[in-house]
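Each remark here refers to the structure printed beneath this line.
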Amino acid sequence: MSDATTTDLYEVTMAMSYLREGMTGPATFSLFVRDLPAERGFLVAAGLESALDHLSGLHVGPEDVDAFASALHRPPRDLRPLLGLEFTGDVRAVPEGRIVLAGEPLLEVTAPLPQAQLAETYVLNQLSHQTAVASKAARCVLAAAGRPVVDFSLRRTHGPQAGFQAARLGAMTGFAGTSNVAASTALGLTAVGTMAHSFVEAFATEEDAFRAFARSHPGPVTLLVDTYDTEEGVRVAARVLRELDHAARGPGSAVRLDSGDLGALAVRARSLLDDAGLPDVRIIASGGLDEYAVDELVRSGAPIDTYAVGTRVGVSADAPYLDSAYKLVEYDGRPVMKLSSAKVTAPGPKQVFRRPGCVDVIALADEQPPDGGMPLLETVMRGGRRTGARPTLDECRERFTADLEGLPPAARRIREPVAPRATASERLGALAARVRRRIEERTTEASARPRVPERIVSGPPGSVPR
């Protein structure tokens, strides 16, 4: 089986129905986040590259057809119309690293209806998850106020792939390194890491553990000091580090605090290290940190040089999902919209124009930009193939940094941020009003007609109705 089967069953049933009805005209679907999670002043667009990888390789083969048939308890011949289905459409999207707001399309897919429908689950999964984690990581960088942040999330992310993505997204938003060896190797990131408490416990004394570690790793050396008594651990570490010559210790040696009152312990550790003549030895803090804890420590003036964030960031603990949606906005040239309570969608393919200060306008795709407005969505796939080279992490990071600098201060706050709100263009508003009227008129006409029972003729079990 291929990744084509990584989809919800209803995508398959809808695609089959479209094919049966001959509904293969061009359809545009828009992916957006309805509302930002609490305590979010912005989102960072992410996940596009893995979504494009999926679309460019999408192909329904014989094994996929068998899997669909098995899931539906139908003979494979009934699902044969899906055999050979590939993605041949176009994609317009916000490049990774750009800041986006509620209601703005992150991506729009235009393709024959069955293709665009079958792509929904995978694309929505990738953009939703990665945008959530990238946004969390970005807030950690803001909270650290220029101090390095590193990724320690792999052991508790929701699977190895999610851990790899967390390392990449951290790097995209400004992290200085990751503990994930696979990600550091594949992506050219700085690998970081120290030791676990088990290493210290395996030796007879803390000092024996530190000396053994220093012998195996000539420098820089980072020693975990809170296995037993943290202050005594710092004293022992200082003694071991001081006895190493400067070349062996190397620049960048550190002690790591992983538990307790990190602010108070950092103050005491700094004092002990300075008294020992080790002002160059840094202090790394870890242990359940996220942007809220980092912000408090930075504001308190804690002498922490590097923040290692893990679980809470890798799973975006306070906002583990986004209220994201992938909705049909046009089929075969006809703009469509959803009118469900609290889930109304806007019709038609769109563009987002950004003016200085993150003053955004959501417009129709063929509109001209307002004065000073720059379009966010770019064509990244045409005819099922990428239109350009895969962007580098440096390029994504540069986009993020530039957008972050233009974000209003209130949106950058860690606590009680105020998110900018995009507005709709006049043309988009007028189209929405026309489509709404059309739907309401047709609904009224349909409800006024006398109801005639529909006779459905079905064949034997497992057959396609005719």
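In this structure, the side chain of S128 does not engage the main chain of N125 through any donor-acceptor pair within 3.5 Å. Judged purely by atom type and a 3.5 angstrom limit, T157 uses its side chain to pair as donor or acceptor with the backbone of L154. Judged purely by atom type and a 3.5 angstrom limit, E108 uses its side chain to pair as donor or acceptor with the backbone of K350. A distance-only check finds a donor-acceptor pair linking the side chain of Q351 to the backbone of L377 [under 3.5 Å]. Looking at D226, its side chain does come within 3.5 Å of a backbone N or O of D258 through a donor-acceptor pair.
Inspection of the T194 and T222 side chains reveals no N or O donor paired with an N or O acceptor under 3.5 Å. Side-chain N/O atoms of Y228 and E206 include no donor and acceptor closer than 3.5 Å. Remark: the R139 side chain and the Y292 side chain contain an N/O donor-acceptor pair separated by less than 3.5 Å. Using modelled atom types, one finds no donor on one side chain facing an acceptor on the other under 3.5 Å when comparing E201 with T227. Side chains of T387 and T379: a donor-acceptor N/O pair is absent below 3.5 angstrom, by distance only. For the residue pair T121 and E11, a side-chain donor N or O sits within less than 3.5 Å of a side-chain acceptor on the partner. Side chains of T306 and R147: a donor-acceptor N/O pair is absent below 3.5 angstrom, by distance only. Side chains of Q126 and E49: no donor on one and acceptor on the other come within 3.5 Å. R40 and S135 share no side-chain donor-acceptor pair at under 3.5 Å.
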Would you list the atom pairs, donor with acceptor, under 3.5 Å between side chains in residues 168-181 and any protein atom, with sequence neighbours excluded?
from : atom 1 : to   : atom 2 : distance (Å)
R168 : NH1    : E96  : OE1    : 3.3
R168 : NH1    : E96  : OE2    : 3.4
R168 : NH2    : E96  : OE1    : 2.6
T173 : OG1    : L169 : O      : 3.0
T173 : OG1    : G170 : O      : 3.2
T178 : OG1    : D151 : OD2    : 2.6
T178 : OG1    : N180 : N      : 3.1
S179 : OG     : D151 : O      : 3.4
N180 : OD1    : A182 : N      : 3.1
N180 : OD1    : A183 : N      : 3.1

Atom pairs and distances, side-chain donor-acceptor, residues 340-349, under 3.5 Å, sequence neighbours left out:
from : atom 1 : to   : atom 2 : distance (Å)
T345 : OG1    : K338 : N      : 2.8

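To the nearest 0.5 Å, atom OG1 of residue T5 and atom OH of residue Y122 are 10.5 Å apart. Once rounded to the nearest 0.5 Å, the distance linking CE of M381 with CG of L52 reads 4.5 Å. Atom OH of residue Y18 and atom CG of residue L113 lie 4.5 Å apart, to the nearest 0.5 angstrom. Atom CD1 of I362 is separated from atom CZ of F353 by 11.5 Å, given to the nearest 0.5 angstrom. Separation of atoms CG (L244) and OG (S253) is listed at 7.5 Å; rounding is to 0.5 Å. Interatomic distance, SG of C140 versus CZ of R312, reported as 11.0 Å (0.5 Å rounding).
Annotation for R242: atom CZ counts as buried by contact number, over 12 foreign heavy atoms lying within 6.0 Å. More than 12 heavy atoms of other residues, nucleotides or ligands shown are found within 6.0 angstrom of CZ on R427. Within a 6.0 Å radius of CD in E231, more than 12 heavy atoms belonging to other residues, nucleotides or ligands are found. Other residues, nucleotides and ligands contribute more than 12 heavy atoms inside 6.0 Å of the CZ atom of R386.
Put simply, the side chain of I283 reaches to within 4.5 Å of the side chain of L273, judged on heavy atoms. Contact check for M374 versus P369: no side-chain heavy atoms found under the 4.5 Å cut-off. L297 is listed as a side-chain neighbour of L289, based on a closest heavy-atom distance under 4.5 Å. Between C358 and L101, some side-chain heavy-atom pair lies under the 4.5 Å cut-off.
Minimum interatomic distance between P105 and V352 (heavy atoms only, all atoms of both residues): CD-CG2, 3.7 Å. Closest approach of V359 and P356 over heavy atoms only: CG2-O, 3.5 Å. Here the closest heavy-atom approach between residue E367 and residue L428 is recorded as OE2-N, 4.0 Å. In terms of heavy-atom proximity, S324 sits nearest to L124 at OG-CD1, 3.8 Å. L328 and A27 make their closest contact through CD1-CB, 3.8 Å (heavy atoms, listed as atom of the first residue, atom of the second, distance). Summarising the geometry of D3 relative to H54, their closest heavy-atom pair is O-CE1, 3.5 Å, with the distance given to 0.1 Å.
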Report task. Any chance you could lay out the side-chain contact (heavy atoms from CB on, under 4.5 Å) test for L257 and S286, step after step, and finish with the verdict? Result -> CA-CA 6 Å; L257 307 172; S286 60; over 6 Å; no
Requested in this report: Evaluate the side-chain contact (heavy atoms from CB on, under 4.5 Å) criterion for residues E104 and R354: first the C-alpha distance (whole Å), next the side-chain angles of each, then the deciding distance (0.1 Å), finally the verdict.
Outcome: CA-CA 11 Å; E104 298 180 344; R354 174 161 295 166; 3.9 Å; yes
Report task. Could you walk me through whether E378 and R92 pass the salt bridge (charged side-chain N to carboxylate O under 4.0 Å, His left out) test, one step at a time? Result -> CA-CA 5 Å; E378 302 175 2; R92 298 165 51 254; over 6 Å; no
Report task. Go through the steps to decide whether D360 and R421 satisfy the test salt bridge (charged side-chain N to carboxylate O under 4.0 Å, His left out), and finish with yes or no. Result -> CA-CA 7 Å; D360 291 2; R421 296 291 301 187; over 6 Å; no
Query raised in the report: Under the salt bridge (charged side-chain N to carboxylate O under 4.0 Å, His left out) criterion, do R211 and E207 qualify, and how do the steps go?
Result: CA-CA 6 Å; R211 290 188 184 284; E207 186 164 343; 2.8 Å; yes
**Report entry** CA sep, side-chain torsions, deciding dist, call: D274, L272, side-chain contact (heavy atoms from CB on, under 4.5 Å)
**Finding:** CA-CA 6 Å; D274 290 349; L272 291 169; over 6 Å; no
Query - Stepwise side-chain contact (heavy atoms from CB on, under 4.5 Å) test for R355 and D371 - result: CA-CA 8 Å; R355 289 174 290 184; D371 291 341; over 6 Å; no
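When the side chain to side chain contact (heavy atoms under 4.5 Å, CB included) test is applied to A111, the partners found at least two apart in sequence or on another chain are F87, V109, Q115, A116. Checked against side-chain hydrogen bond (donor to acceptor under 3.5 Å, both in side chains), D323 has the following partners two or more places apart in sequence or in another chain: R34. Residues passing the side chain to side chain contact (heavy atoms under 4.5 Å, CB included) test with R412 are L142, L404, L407, sequence neighbours excluded. Under the rule for a side chain to side chain contact (heavy atoms under 4.5 Å, CB included), the partners of T392 that lie at least two apart in sequence or sit in another chain are D394, E395.
Of the residues listed (R438, R437, R436), the one engaging E440 in a salt bridge (charged side-chain N to carboxylate O under 4.0 Å, His left out) is R436, and it is the only one.
Ion pairing between R382 and D90 fails under the 4.0 Å rule for side-chain N and carboxylate O. Under a 4.0 Å N-O distance rule, the pair E296/R299 does not qualify as a salt bridge.
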